[in-house]
Amino acid sequence: MTNDALKILRFFRKKGKGEMEVPPLEKRPRHIAFIMDGNGRWAQKRSLPRSAGHAAGTEALREIIRACDEFKIEVMSIYAFSTENWNRPQEEVNALMKLITKYFLSEIDELHEKGVRIKILGELDRFPGEQKLALQNAMERTKNNQGLKLNIALNYGGRAEIVRAVKSISQKCINGEMKIENIDYDAVSREMYTMGDPDVDLLIRTSGDMRLSNFLLWQTWYAEIIFNPIYWPDYNRQTLIKDLNEYAMRDRRFGRVKTK
């Protein structure tokens, strides 16, 4: 992130006084997912280029990763770049590609030091060589870490992920490695990018839009959802704590009747 972008963010970002308490560990989600929406609109509202909004969004991301690590969240998944985002103006896509490389080069040391394990969700082949190498290096360097698991969805689509799983299972059946009667929920989950992770407990989308936008469709089957109206660059530690407290008050029945 450039110094100018950082100054812009710190000028516009609203800091609340005091801080709510974090819910007890047993009331916190094991897996929290973020649709980090509103970077472009945040910038446009301030007569800034959309690229400045994306840069400001990385500063917000840094703060939320640190908070999730501190709060003992097991898995944090973020929607960074969808399969549909390639259709954005080429100038914006190019800026995002440069930002991806810069982010990993600047953040990987701290993430590794904190024991964060990085996993990329999505197909990397479409990324330019420099970005692809940065992503592969981040995964390789942190693969044995035992702290917060950070899933970063890049060139990702939920329906494409399910199709990928169906193809893999079908091939295993053709090869005699699996019987059709053995195909169940667990078998499908094992073919997902998030294999081994708990399902999403809490999905937070910023900017006020109320849709999943093709994100983790299989994994969010019973997730609690919070649609936060603020733009992602304004999302901070205090906002996260507020959302965690709202989650803690939810009655998660998973289709069952509430018991006394």
Side-chain angles (χ1 to χ4, degrees), residues 26 28-37 68 73-87 116-127 131-132 135-136 138-140 142-205 209-227 247 250-259:
E26 65 273 11
R28 300 173 206 167
R30 294 177 64 197
H31 186 170
I32 183 169
F34 293 93
I35 299 178
M36 306 179 297
D37 199 16
C68 284
I73 304 299
E74 186 175 334
V75 184
M76 174 181 170
S77 295
I78 61 174
Y79 206 7
F81 193 87
S82 74
T83 51
E84 292 76 32
N85 286 156
W86 293 107
N87 297 318
V116 174
R117 179 158 50 109
I118 296 170
K119 185 174 183 181
I120 305 301
L121 315 183
E123 300 295 334
L124 298 186
D125 289 343
R126 190 169 177 181
F127 285 95
Q131 284 75 36
K132 183 177 179 180
L135 298 172
Q136 291 173 331
M139 288 192 289
E140 179 64 24
T142 64
K143 66 181 181 181
N144 295 320
N145 290 346
Q146 299 299 312
L148 171 70
K149 184 171 183 181
L150 178 60
N151 294 328
I152 304 176
L154 289 162
N155 192 27
Y156 172 88
R159 295 181 76 179
E161 181 183 25
I162 293 172
V163 170
R164 174 177 172 270
V166 171
K167 288 180 177 179
S168 179
I169 291 173
S170 299
Q171 191 61 55
K172 288 180 179 179
C173 291
I174 292 171
N175 295 342
E177 301 171 23
M178 179 182 287
K179 295 181 178 180
I180 293 177
E181 55 267 28
N182 292 334
I183 300 174
D184 56 14
Y185 295 134
D186 290 337
V188 177
S189 293
R190 287 193 295 269
E191 299 294 337
M192 295 290 162
Y193 291 117
T194 54
M195 176 185 64
D197 295 346
D199 286 327
V200 176
D201 297 303
L202 173 61
L203 172 67
I204 296 173
R205 178 172 187 147
D209 286 345
M210 299 182 183
R211 54 179 177 269
L212 295 179
S213 293
N214 202 19
F215 184 47
L216 298 179
L217 301 180
W218 179 267
Q219 299 87 341
T220 55
W221 69 296
Y222 252 107
E224 297 297 317
I225 302 177
I226 294 177
F227 294 110
Y247 170 84
R250 299 276 181 95
D251 180 22
R252 304 193 73 200
R253 299 191 299 275
F254 297 94
R256 299 185 294 267
V257 176
K258 183 176 180 179
T259 57

Below 4.0 angstrom, N of the basic side chain to O of the carboxylate: do R164 and E161 qualify? no
Applying side-chain contact (heavy atoms from CB on, under 4.5 Å) to L216 and L203, what does each step give before you reach the verdict? CA-CA 10 Å; L216 298 179; L203 172 67; over 6 Å; no
Which distance, rounded to the nearest 0.5 Å, do you find between the CG of N145 and the NZ of K143? 11.5 Å
Rounded to the nearest 0.5 Å, what's the gap from NZ on K119 to CD1 on I152? Could you check? 12.5 Å
Name all residues meeting the side-chain contact (heavy atoms from CB on, under 4.5 Å) criterion together with W221; count only those two or more places apart in sequence or in a different chain, and write none if there are none. D199
To the nearest 0.5 Å, what is the distance between CG (D125) and NZ (K132)? 4.0 Å
4.5 Å side-chain heavy-atom contact, K172 and S168: yes
Nearest heavy-atom approach of N155 to E123 is ND2-O, 2.8 Å
For the atom pair CG (L148) and CD (E74), what is the distance rounded to the nearest 0.5 Å? 9.5 Å
Run the salt-bridge test on R252 and D201 with the 4.0 Å N-O cut-off and return the result as yes or no. yes
Under 3.5 Å, which donor-acceptor pairs link side chains of residues 179-187 to any protein atom two or more places apart or in another chain?
unit_1 : atom_1 : unit_2 : atom_2 : d
D184   : OD1    : D186   : N      : 3.2
D184   : OD1    : A187   : N      : 2.8

How about I169 and V188: do any of their side-chain heavy atoms sit closer than 4.5 Å? yes
Under 6.0 Å from the CZ atom of R159, do we count more than 12 heavy atoms belonging to anything else shown? no
Please name the pair of heavy atoms, one in F34 and one in C68, separated by the smallest distance, quoted to 0.1 Å. CE1-SG, 4.3 Å
Mind checking the CD1-CD1 spacing from I225 to I204? Nearest 0.5 Å is all I need. 11.0 Å
M139 to I120 - nearest heavy-atom pair and separation: SD-N, 3.3 Å
Is the ring pair Y156/Y79 parallel, tilted or perpendicular, if the boundaries are 30 and 60 degrees? perpendicular
CG of L154 to CD of Q131, rounded to nearest 0.5 Å, is 10.5 Å
Compare all side-chain heavy atoms of Y247 with those of I32 and state whether any distance is below 4.5 angstrom. no
Hey, are the side chains of S213 and R205 touching, using non-hydrogen atoms and a 4.5 Å cut-off? yes
Heavy atoms only: give me the nearest L212-I35 pair and the separation to one decimal. O-CD1, 3.4 Å
Please name the pair of heavy atoms, one in A138 and one in I118, separated by the smallest distance, quoted to 0.1 Å. CB-CD1, 4.1 Å
Identified side-chain hydrogen bond (donor to acceptor under 3.5 Å, both in side chains) counterpart of T194 within the set H31, Q219, K149: Q219
Could you pull out the closest heavy-atom pair between S189 and W218, with the gap in Å? OG-NE1, 2.9 Å
Tell me every residue that passes salt bridge (charged side-chain N to carboxylate O under 4.0 Å, His left out) with E84, counting only those two or more places apart in sequence or in another chain. none
Mind checking whether V200 and S77 have side chains closer than 4.5 Å, heavy atoms only? no
